[in-house]
Amino acid sequence: MAWPALVAFSIFGIIPLFGVLYLSFTSWNGLSQNVPFAGLESWKSVLSDPGLPHALWVTFLIMALSWLAQTPISILLGVFIAKHSRYRSVLAVLFFVPLLLSQAAIAITYKMLLDPNFGLGAGLGLEFLQQDWLGDSTLAVGVVIFVVSWQWIPFHSLIYQGGVRQIPASMYEAAEIDGAGRVRKFFSITLPQLKYTIITSSTLMVVGSLTFFDLIWVLTAGGPGDATRALAVDMYQRGFKATLMGPASVIAVILVLLGLGLALLVRRLGGRDAAESQLEGA
Amino acid sequence: MKRRNFLSLTAGAAAATGLAACGSSGPSDTSSNTGSGSADAASYWFLSGPPGEPIRQGAVDRFNKLGQGQIKVTTFQNDTYKDKLKTALGAGQAPSIIWGWGGGGLKSYVEAGQVDDLTDWFSQNAAVKDRLFKASFGPATVDGKIYAMPAETVQPIIMLYNKEVFEKAGVSAPPQTWGELMAMLPKFNDKGIAPFSLAGQSRWTNMMWLEFLFDRIGGPEVFGNAYNGQKDAWSNPAAIEGLTKIQDLIKANGFVKGFASVTADSNADQALLYRGKAAMELHGSWSYGIIKADGGNFIKDGKLGFFNFPAVEGGKGDPTNTVGNAGQYLSIYSKASDKQKEAAKNFFKTLLDDTEQQGWIETGGVPIVQGSNSKLASSPDKDFLNFIYDVASKAGNFAQSWDQALSPTAAETLLENIAKLFQLKLTPQEFATNMNAVIGK
């Protein structure tokens, strides 16, 4: 039964992974058909490049800040849409719209809206919106985090909605008998019961943020300067702009290791039983 | 993570179809091949969008009717195209006919053994070669051998300006010197108009300023030394002066607010000019076609002015010098089949026929055909076209754009450092040090 999945995973997951590992020891320029072996040359050049710590910093900054922005809003929205009533179902559909758009389309739209000369600010004559959103280093990072959050909050809200609906109603009934109010119920029942959902959602956010590429690429192309040059963007620029496939593969390997490490770390933080079934909230 | 990727993939596909419908992005297959899509048809990839796309398509359509082979077309946006082509070459899936800019990019294809040597073919078909501008063969030549067919138009980089805005700001004439240029900045800024439009996110747009400043201050050898691998060539005093001057211009609010977030692919920089939000722009002569296509009556109403990059006081460079594209270049993929190569070569013989020349002239381009200026007089754009013909043919030196002349590796470092230089994150000395480190790479 598991064979077809295993074969597909090997072809599209495992084999390319080793391919990239091999490429990281070559000096392939991405153009020619022969791939010269170069030993540790690419690793040395990437690890001694000041661009790497910068890209790591940008990646972690976007990861941490977008987690901070997304998690509280996603939990609140998830709790809100978990209750059954008709208008909430309609709202839930509306909340979900950003997720249905491609990252590239979202990035193009935001880029147009934020254009200092032809964008929303200039169109409506609103001075405070007429910032150099994507041309200023700090603002550009902020915009990336905002757009990422805007796109992914619906998805995480959906996960939290599912999590909230799994919490047994009897717990709330008991709390109500004890005289607990809405806020108390949220902090004493909902949030603790969502612990494992938070871990799942955070793993997705943290590991997923390593792959942010298309959005950043279309929005800022890693700029201004290198202000939003996260690891995935760095990899692309080295590989496809500078035709340095060796160093680009090194970055790809680093990305894989980081992803694995972070996924393990988040699970460790959540406790060893995080992967076990949570039915009945027991 | 798996699930998330899956979701973004499906959503992406849906949106991509939507985008393709707008014709603003993504590759589109516009095969004009009515017969069975046989493997004998040569594939040809080129840039989409106005003004070039319909003319390139037209040339293919006319050729396909001749019965000398079939050509199948796929079009891409500029930056997308460059990346797609590199990937395709690496994967052994490149098109039979490779559209390009010649120079360093072509050199890297040659070194990788990906394109055919056309020297013999050109000597057998001297008529094809002799009718084209001699200068256009420079970027097609690597180590004395010709690897590409020069095509299309000559495209020097020029200054464009909005006459209406000049009037509004009380500026009577375009600047003749760098000093005059700097002196007129406050006149525009006081009126809330940016002196210069710039698509800074694209980076090569910033580079054009440095190309001219280096040349006007120190002559063509300033970049030539770096290109030829001379040690510390970027620390040349003329280079440092040019780098300092550009930062002075940025500090004096010479460029449009938010220039670092404007991209050239969307043509927003030309829009700033014809909408009167910027007074001038330094850009390729192809801008004329873009403004003609997108700018409404701007050109018809005589509001567009143009001039050559001003001289720099005390500079050694000849002020008639120019930079840009001496042509566009078509190479033949070495792994194409014999039938495909045959079709490609037959196609090359038909390029720049009278209809195609007329097409380029109508978009404000000067075809790289000897004596094509005789065709310009009847054009409604003759003032501009004659100006371009003069700039290109009378230039003391016609240099190739730096990012096209250098290898992709060096060019990427250059563009990265230029972006930081324009953000004022690097001093001219730091820029020179960073660039000296990649000389010859």
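Because the structure is predicted, anything quoted here is derived from the model rather than measured. Protein chains get the first letters and strands the later ones, always in sequence-line order, with residue 1 at the start of each.
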Query raised in the report: Do Tyr236(A) and Asp83(B) pass the side-chain contact (heavy atoms from CB on, under 4.5 Å) test, and can you show the C-alpha distance, the side-chain angles, and the key distance before you say yes or no?
Result: CA-CA 10 Å; Tyr236(A) 183 79; Asp83(B) 297 346; 2.3 Å; yes
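Interface remark: Arg238(A) contributes no atoms to any contact with chain B (heavy atom separation under 4.5 Å). At a 4.5 Å heavy-atom cutoff, the contact between Lys257(B) and chain A is made by backbone and side-chain atoms alike. Using a 4.5 Å cut-off between heavy atoms, Lys277(B) contacts chain A through its side chain alone, with no backbone atom that close. The contact between Leu244(A) and chain B is made entirely by side chain atoms (from C-beta outward), counting heavy-atom distances below 4.5 Å.
The shortest side-chain heavy-atom distance between Lys111(A) and Ser266(B) does not fall under the 4.5 Å cut-off. Using a 4.5 Å heavy-atom threshold, the side chains of Phe118(A) and Arg275(B) count as touching. Between Ser261(B) and Pro224(A) there is no side-chain heavy-atom pair separated by less than 4.5 Å.
With hydrogens and angles ignored, the 3.5 Å screen pairs a side-chain donor or acceptor of Gln33(A) with a backbone N or O of Leu89(B). Looking only at distances, no side-chain donor or acceptor of Lys241(A) sits under 3.5 Å from a matching main-chain atom of Thr413(B). Distance alone, capped at 3.5 Å, is enough to place a donor-acceptor pair between the Gln201(B) side chain and the Leu219(A) backbone. Not one N or O on the side chain of Thr243(A) forms a donor-acceptor pair closer than 3.5 Å with the backbone of Pro408(B).
Closest non-hydrogen pair, Asp132(A) versus Gly258(B), comes out as OD1-CA, 2.9 Å.
For residues 416-423 of chain B, the interface with chain A (any heavy-atom pair closer than 4.5 Å) comprises Glu416(B), Ala419(B), Lys420(B), Gln423(B), sorted by residue number.
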